[in-house]
Structures are given as C-alpha cells and as structure tokens.
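Note that this is a predicted model, so its numbers are computed, not measured. Scope of the values below: all heavy atoms of this structure, side chains included, with no hydrogens, waters or symmetry mates.
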Amino acid sequence: MNKIAVVTGATSGIGKAVVELLLKENIHVVGLGRNIEKIESAMKEFAHLTDEANLDFVLGDLSDTRQTNLAGQAIVDFVNEKYDGKIDILMNIAGIVSSGLHLNEDGNEVTFAINHLAVFLMTYHMIPLLKKSDDPRILVVSSLSHYWASINWKNIQSKKFYNILKSYKRSKLYNVFFVKEFSKRYHDIKIYAIDPGLVKTELGLKRTNRLAHIIWNSKMNKGKNPLYPAGFMVHVATQEKYLTLSGHYIKKGISIESSKVSYSPEDARKLWEYSEELTNIKFKY
Ligand SMILES: NC(=O)c1ccc[n+]([C@@H]2O[C@H](COP(=O)([O-])OP(=O)(O)OC[C@H]3O[C@@H](n4cnc5c(N)ncnc54)[C@H](OP(=O)(O)O)[C@@H]3O)[C@@H](O)[C@H]2O)c1
C-alpha cells in the first residue's frame, strides 16, 4: 500500500523537490499551495510520475490563524474523502523571510506566523489523520541560522526593533523548540527538525527589498539544488533507522546537536503554551 504525505510549501523550492522525490518513491502526495498557476504548473511537471502514486493539491494560505485553519480543514476534508482519513507523513516546509515589520490579521508578525504558528496549527489539524498510520512521521524544516538565535520573552515575535534576519533565525529556533516539545508530548508520532543547509531557491526574493535580493542572489550561488536536502528528507520520513530519533535535529540525514538555547525545556513549554493561546487551540494527547 502506498504511503500518503501532506506537504506544505509544495509549489516551489525544497517543498517542490520533496514532492518529486516522494512521487518517485510511490508515495501519494497532497500538496498545499497558495497559488493556482503554480499548482497547475507542478501538476503538469510531475504528471509523468503519477502512474503509481497520486498527486493532488489543496489551495490554501498559511498567513494567519483563520486562513491556516481553513487550509488545515480543507486538507482534512480531502484526506477523509480520498484516503479514509489517514496520512503517514506531514512535511511542514512552507516558510518566508520578510523585509520590514508586517503584521497579519491577528496582529502577529508574519515571519513568526508563517514559519512557526502555521507549523504549530497545521500539525494540530493533521494529528487525527496521522494517528491512523502505523508509522506516522512529521518533518519541520528549520535552519542552520537557528544557531545564532536567542529567545527574548519580552520580544518573542521580534516586533520591537524588527530585523529581517533576527526574526527569521528566531522563527527557525522556534521550529526546533516545537519539535523537541512535540516529541515529549507525543510518543507514537515521530517528529524531526530538518536543517537543509544552504539551498538555491527563491526564498529571499519573495517578500524582501532590493538590498535583500542582492544579498540572497550572491549567497544563492553557493546553495545546493533543492533535490539534495529533499533526498535526505524523504529518507527521514521513510527509513526505519530514524524511528529512534524523534525530537532530533537532522542535517544530511544525520542527527546533530541543535543550538544550546534550544535545549531549554522551560522555553519550549512556554512557547508551546503561548502558541496555543495565540491560535486558540489545545492539543489533546
Ligand atoms: N533555501 C535555503 O537555503 C533554506 C535554508 C534553511 C531553511 N530553509 C527553509 O526551507 C523552507 C522552504 O524554503 P525554500 O528555500 O524552498 O523557499 P521557497 O522556494 O520560497 O519555498 C517556500 C514555500 O512556502 C510557501 N509559502 C510561503 N508563504 C506561504 C503562505 N502564506 N501560505 C502558504 N504557503 C506559503 C511558498 O509558496 P509559493 O510557491 O507560492 O511561493 C513556497 O512554496 C522554508 O521553511 C525555509 O525557511 C531554506
């Protein structure tokens, strides 16, 4: 029987490469995309890989709580209908970097909202589907940049003295906290923080200013093809050897130490509770 994977950020960069490799492994994919043209283009591009595996997309946006709830519910409805309410893999890949301070409809800073809160909320929606699998796994794409992030409870969303890099790094530290805390709370669903390394994508060109474009373009020349981290991600999502590594930070398929601050259980718990408050949900165990 084919496994079933939900992938956010499935229409470009690392997420799109993951979709390609999942299909090559005969894993059915339900991608989340926010742009209909990009969805149609991915469907076309990967049509030749859909003899043994299905590729479907759900249209949805992760910018704020209301929209993420809608996207999560749309995926649940789709999976209930097509796959009897079961998925095996959730890949939380969607993410942004943003020049300047922008608040979403909830008043949350957008990098914090999309990179952390949407991961939190999407995972919450997918739990009942994952619980039906006999080998459920979640991957969350963090980043090397989290090593340079600190936590400041007086400025948790980086709204004060906003800085593009500070906000991004923090959001990626929060991904690591979330993975560690989730692994403590859920033992039957395995979860991993992924460090993809520097990858050649358009991440730094989408919500950023001219200066950021120049910096990103020069950095990107040294970045790997998105298929490179995607290959390791598919291994983490499927290979048996990762079953004992839930909660770990994984780079190139190998478990490595995350940053010192990411090991604070108090901060991980506090962030979890703060995120529950902001999204108005309560995880059930
Ligand atoms: N590239 C790197 O060097 C690098 C390094 C470390 C970590 N990462 C992480 O890897 C992940 C993927 O990034 P990438 O480099 O592959 O960049 P990317 O190509 O820009 O991919 C980001 C994905 O997120 C989606 N997305 C953004 N905002 C969204 C929203 N509001 N609602 C729904 N989807 C949204 C994008 O949709 P569209 O296709 O419509 O734009 C895109 O598919 C991110 O979490 C990033 O932080 C990247």
Side-chain angles (χ1 to χ4, degrees), residues 2-23 27-47 49-50 53-83 85-96 104-105 110-130 133 136-142 171 175 178 189 191-192 194 196 201-203 206-207 226 229-230 233-234 237 279 281:
N2 304 53
K3 283 182 182 277
I4 303 145
V6 166
V7 180
T8 74
T11 46
S12 51
I14 298 169
K16 192 169 163 206
V18 162
V19 170
E20 179 177 343
L21 298 189
L22 287 170
L23 292 172
I27 296 174
H28 297 317
V29 175
V30 182
L32 180 76
R34 58 177 170 159
N35 177 305
I36 196 75
E37 284 84 26
K38 282 188 167 187
I39 289 176
E40 281 167 3
S41 147
M43 292 289 284
K44 235 188 204 166
E45 189 178 334
F46 297 141
L49 300 175
T50 55
N54 305 328
L55 173 60
D56 294 284
F57 276 90
V58 168
L59 185 65
D61 197 291
L62 302 171
S63 294
D64 55 48
T65 301
R66 184 184 61 80
Q67 294 191 78
T68 305
N69 279 331
L70 284 174
Q73 192 53 53
I75 295 173
V76 169
D77 291 344
F78 181 84
V79 170
N80 280 339
E81 177 88 4
K82 185 151 182 171
Y83 297 118
K86 187 197 91 162
I87 63 168
D88 303 283
I89 299 161
L90 167 63
M91 299 262 199
N92 283 304
I93 302 177
I96 62 157
N104 69 8
E105 264 189 24
V110 292
T111 317
F112 172 80
I114 294 170
N115 294 8
H116 166 64
L117 280 185
V119 170
F120 191 77
L121 201 47
M122 185 52 71
T123 303
Y124 169 80
H125 283 288
M126 294 303 112
I127 285 174
L129 312 184
L130 286 160
S133 168
R137 304 191 197 188
I138 301 169
L139 275 68
V140 179
V141 179
S142 176
S171 72
N175 290 155
F178 172 63
I189 304 175
I191 188 162
Y192 312 89
I194 302 296
T201 69
E202 296 190 341
L203 179 70
K206 292 181 179 173
R207 300 177 72 128
M233 290 168 69
V234 173
T279 51
I281 55 158

* To do: Starting at CD of Glu45, measure out to OG1 of Thr11 and round the result to the nearest 0.5 Å.
  => 11.5 Å
* What are the two closest heavy atoms between Gly95 and Asn115, and how far apart are they? -> CA-OD1, 3.2 Å
* **Residue list, ring pair (Phe, Tyr, Trp, His ring centres under 6.0 Å) with Tyr124, at least two apart or on another chain** => Phe283
* Donor-acceptor pair, Thr68 side chain versus Thr65 backbone, under 3.5 Å? -> no
* Going by atom types alone, do Gln73 and Asn69 pair a side-chain donor with an acceptor below 3.5 Å? -> no
* Asked: Is atom CD of Glu202 surrounded by more than 12 heavy atoms (other residues, nucleotides or ligands) closer than 6.0 Å?
  -> no
* To do: Applying salt bridge (charged side-chain N to carboxylate O under 4.0 Å, His left out), name anything that partners Lys206, two or more places apart in sequence or on another chain.
  => none
* Asked: By ring pair (Phe, Tyr, Trp, His ring centres under 6.0 Å), which residues pair with Phe46, not counting sequence neighbours?
  -> none
* Structure fact -> Paired with Tyr83, the side-chain hydrogen bond (donor to acceptor under 3.5 Å, both in side chains) test is passed by just one of Asn2, Asp88, Asn54, namely Asn54
* **Residues in ring pair (Phe, Tyr, Trp, His ring centres under 6.0 Å) contact with Tyr192, at least two apart in sequence or another chain** => none
* Asked: Can you tell if the side chain of Leu90 reaches within under 4.5 Å of the side chain of Asn92, non-hydrogen atoms only?
  -> yes
* To do: Drop me the distance from Thr111's OG1 to Ile96's CD1, to the nearest 0.5 angstrom.
  => 4.0 Å
* List the atom of Ser133, the atom of Ile87, and the distance in Å for their closest heavy-atom pair. => CB-O, 3.2 Å
* Going by the side-chain contact (heavy atoms from CB on, under 4.5 Å) test, name the single residue among Asp64, Leu62, Thr279 that passes it with Leu121. => Thr279
* Asked: How many angstroms lie between CZ in Arg137 and CD1 in Ile189, if you round to the nearest 0.5 Å?
  -> 13.0 Å
* Taking only residues two or more places apart in sequence or in another chain, which ones pass side chain to side chain contact (heavy atoms under 4.5 Å, CB included) with Ser63? -> Asp61, Gln67, Ile114
* To do: Quick one: pull up CE in Met122 and CE in Met91 and give me the separation to the nearest 0.5 Å.
  => 15.0 Å
* **Heavy-atom pair with the smallest gap, counting every atom of Gly60 and Ala71** => CA-CB, 4.1 Å
* **Any Met126 side-chain heavy atom under 4.5 Å of Val76 side chain** => yes
* For Thr8 and Ala94, indicate whether the former's side chain and the latter's backbone hold a donor-acceptor pair under 3.5 Å. => yes
* Structure fact -> Result for side-chain contact (heavy atoms from CB on, under 4.5 Å) between Ile14 and one of Val19, Leu203, Thr201 points to Thr201
List, one per line, each side-chain donor-acceptor pair under 3.5 Å for residues 29-41, sequence neighbours excluded.
{"residue": "Asn35", "atom": "OD1", "partner": "Glu37", "partner atom": "N", "Å": "2.9"}
{"residue": "Asn35", "atom": "OD1", "partner": "Lys38", "partner atom": "N", "Å": "2.9"}

* **Ile27 side, atom CD1; Ile89 side, atom CD1 - distance, nearest 0.5 Å** => 4.0 Å
